[in-house]
S.K.: 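This is the structure I have questions about; it appears just below.
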Amino acid sequence: MNWPVPELPEVETIVRDLRPELTSRLIENPRLFYSDVLYGVTSRKLLAGLRGRRIVEVFRRAKHAVFLLDSGVRLIIQPGMSGVMLVYRGSPSAAEQRYAVLTAELSGGSTFMYRDVRRLGTILLLDEQGWRAYTARIGPEPLADDFRVADLAARLGGSRQAVKKVIMDQHRLAGVGNIYANEALFRARIDPSLPADRLDPSQVARLYRSIRTVLSQAIASQGTTFRDYRTGTGARGSFQFRLHVYGREGRPCRRCGATLAMTHSIDGRATTFCWRCQAVRSLNDA
DNA sequence: ACGAGGTCCTGCGAGC
DNA sequence: TGCTCGCAGGACCTCG
């Protein structure tokens with residue numbers, strides 16, 4: 001079975017679960033167990049930046065969980081593909097401590113833990129200016145009220161690369177990873193290998209709707225869990241039961257019954273699709 | 001600008 | 001049964 005990555009819906013779910021547990025808490029005793037997840041900050045600076053600070057806001061940007069501290073500094077955790085963020089009442093057990101990357105005792109007696117088995121996740125600590133520069137390089141939020149079809153069209157228009165690769169490019173569009181790219185393209189009945197600038201207006205409109213629908217439905221289902229991902233309360237998501245293509249290669253299309261195919265020819269990542277519904281002509285190695 | 005490929009990391013499962 | 005090895009993946013990087 002393929003292993004999912006926390007994408008936008010999973011991080012949104014985590015953030016919603018963590019927000020009431022973390023907001024207004026003091027970070028009393030931060031501990032870092034692996035420094036290879038740090039990006040642009042040393043262990044010493046990270047811990048010094050966290051110790052004694054109060055968490056004033058918890059929110060999501062793209063696939064990042066962002067913790068705004070009372071110093072104006074932001075702790076940013078991107079959970080990579082196996083990252084989990086949890087709050088324990090009291091202290092976690094030794095078993096729960098396994099694979100812990102960052103833990104922090106909080107005022108009120110609870111403990112925050114970022115756990116990441118494969119440590120492909122990233123931790124950043126950015127001041128106001130650093131954050132502004134960082135977020136400016138990420139594309140627009142597809143679920144934002146002011147994100148329109150024209151914005152998606154503009155993001156696709158300048159690229160001859162495969163549309164699947166383009167919608168997964170975080171600099172063009174925020175939060176869409178492999179699972180939801182596959183699902184959105186299937187639901188929009190678009191060939192994932194189609195060059196992005198070759199989509200006609202009706203295809204762009206369908207893709208716009210399918211991206212927003214699939215992300216919204218996944219949030220409502222608390223995300224997709226195959227093995228690693230857990231919500232902020234440790235529960236499993238349930239969107240895996242509503243997937244149409246991801247992880248279903250060799251099985252019948254839910255829409256037309258044709259056998260779903262899989263290829264790695266787009267950016268080396270697993271692309272699952274229906275030849276018939278998505279009118280795919282040229283993908284090989286499937 | 002674009003594609004291809006390597007790097008990070010660990011658990012798992014296929015294959016011998 | 002016990003081992004090795006390839007694969008999974010996002011983001012970032014270099015090379016051609």
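Proteins get letters first, then strands, A, B, ... in listed order; numbering begins at 1 in each.
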S.K.: Report yes if a side-chain nitrogen or oxygen of A:His264 is closer than 4.0 Å to either non-bridging phosphate oxygen (OP1 or OP2) of C:dA8; otherwise report no.
M.R.: yes
S.K.: Measuring only between side-chain heavy atoms, which start at C-beta, is A:His64 closer than 4.5 Å to A:Tyr134?
M.R.: yes
S.K.: Taking only residues two or more places apart in sequence, or in another chain, which ones meet A:Arg19 in a side-chain hydrogen bond (donor to acceptor under 3.5 Å, both in side chains)?
M.R.: none
S.K.: Rounded to whole Å, please give me the gap between CZ in A:Arg172 and P in C:dG10.
M.R.: 17 Å
S.K.: Mind checking whether A:Ser107 and A:Glu28 have side chains closer than 4.5 Å, heavy atoms only?
M.R.: yes
S.K.: Got A:Cys274 and A:Cys256 here, is their nearest side-chain heavy-atom distance under 4.5 Å?
M.R.: yes
S.K.: Can you tell me which nucleotide in C:dC12, B:dC9, B:dC2 comes closest to the side chain of A:Arg160?
M.R.: B:dC2
S.K.: Report yes if at least one side-chain N or O of A:Gln161 is closer than 4.0 Å to OP1 or OP2 of B:dG3; otherwise report no.
M.R.: yes
S.K.: How many whole angstroms separate atom CG of A:Leu120 from atom C1' of C:dC7?
M.R.: 13 Å
S.K.: Do A:Arg61 and A:Glu141 make a side-chain contact, defined as non-hydrogen atoms from C-beta onward lying under 4.5 Å apart?
M.R.: yes
S.K.: Roughly how many Å is it from CD in A:Gln78 to P in B:dC9, rounded to a whole number?
M.R.: 16 Å
S.K.: Using OP1 and OP2 only, check whether a side-chain N or O of A:His171 sits under 4.0 Å from C:dA11.
M.R.: no
S.K.: I want to check one thing: is the phosphate of C:dA11, taken as OP1 and OP2, less than 4.0 Å away from some side-chain N or O of A:Lys63?
M.R.: yes
S.K.: Return the nearest nucleotide to the side chain of A:Arg118; candidates are B:dC8, C:dA8, B:dG3.
M.R.: C:dA8
S.K.: More than 12 foreign heavy atoms under 6.0 Å from CZ of A:Arg31: is that the case here?
M.R.: no
S.K.: Rounded to the nearest Å, what distance is computed from the NZ atom of residue A:Lys164 to the P atom of nucleotide B:dC2?
M.R.: 18 Å
S.K.: Considering only heavy atoms and no angle criterion, is a donor-acceptor pair shorter than 3.5 Å present between the side chain of A:Arg269 and the base of C:dG10?
M.R.: yes
S.K.: Pick base, sugar-phosphate or nothing for A:Asp36, based on heavy-atom distances below 4.0 Å to the nucleic acid.
M.R.: sugar-phosphate
S.K.: Between atom CG in A:Asn178 and atom C1' in C:dA8, what is the gap in whole Å?
M.R.: 10 Å
S.K.: For residues 79-125 of chain A, which residue pairs qualify under ring pair (Phe, Tyr, Trp, His ring centres under 6.0 Å), counting only residues two or more places apart or in two chains?
M.R.: A:Phe67-A:Phe112
S.K.: Can you identify which nucleotide, out of C:dC13, B:dT10, C:dG9, has its nearest atom closest to the A:Arg119 side chain?
M.R.: B:dT10
S.K.: Provide, to the nearest angstrom, the distance between the CG atom belonging to A:Asp197 and the P atom belonging to B:dA1.
M.R.: 14 Å
S.K.: Relative to the 5' end of DNA chain C, which residue comes earlier, A:Gly268 or A:Arg137, by the nucleotide with the nearest heavy atom?
M.R.: A:Gly268
S.K.: Taking only the side-chain nitrogens and oxygens of A:Tyr39, find out if one of them lies under 4.0 Å from OP1 or OP2 of B:dC8.
M.R.: no
S.K.: For DNA chain B, which residues in residues 96-103 of chain A have a heavy atom at a distance below 4.0 Å?
M.R.: A:Arg98, A:Tyr99
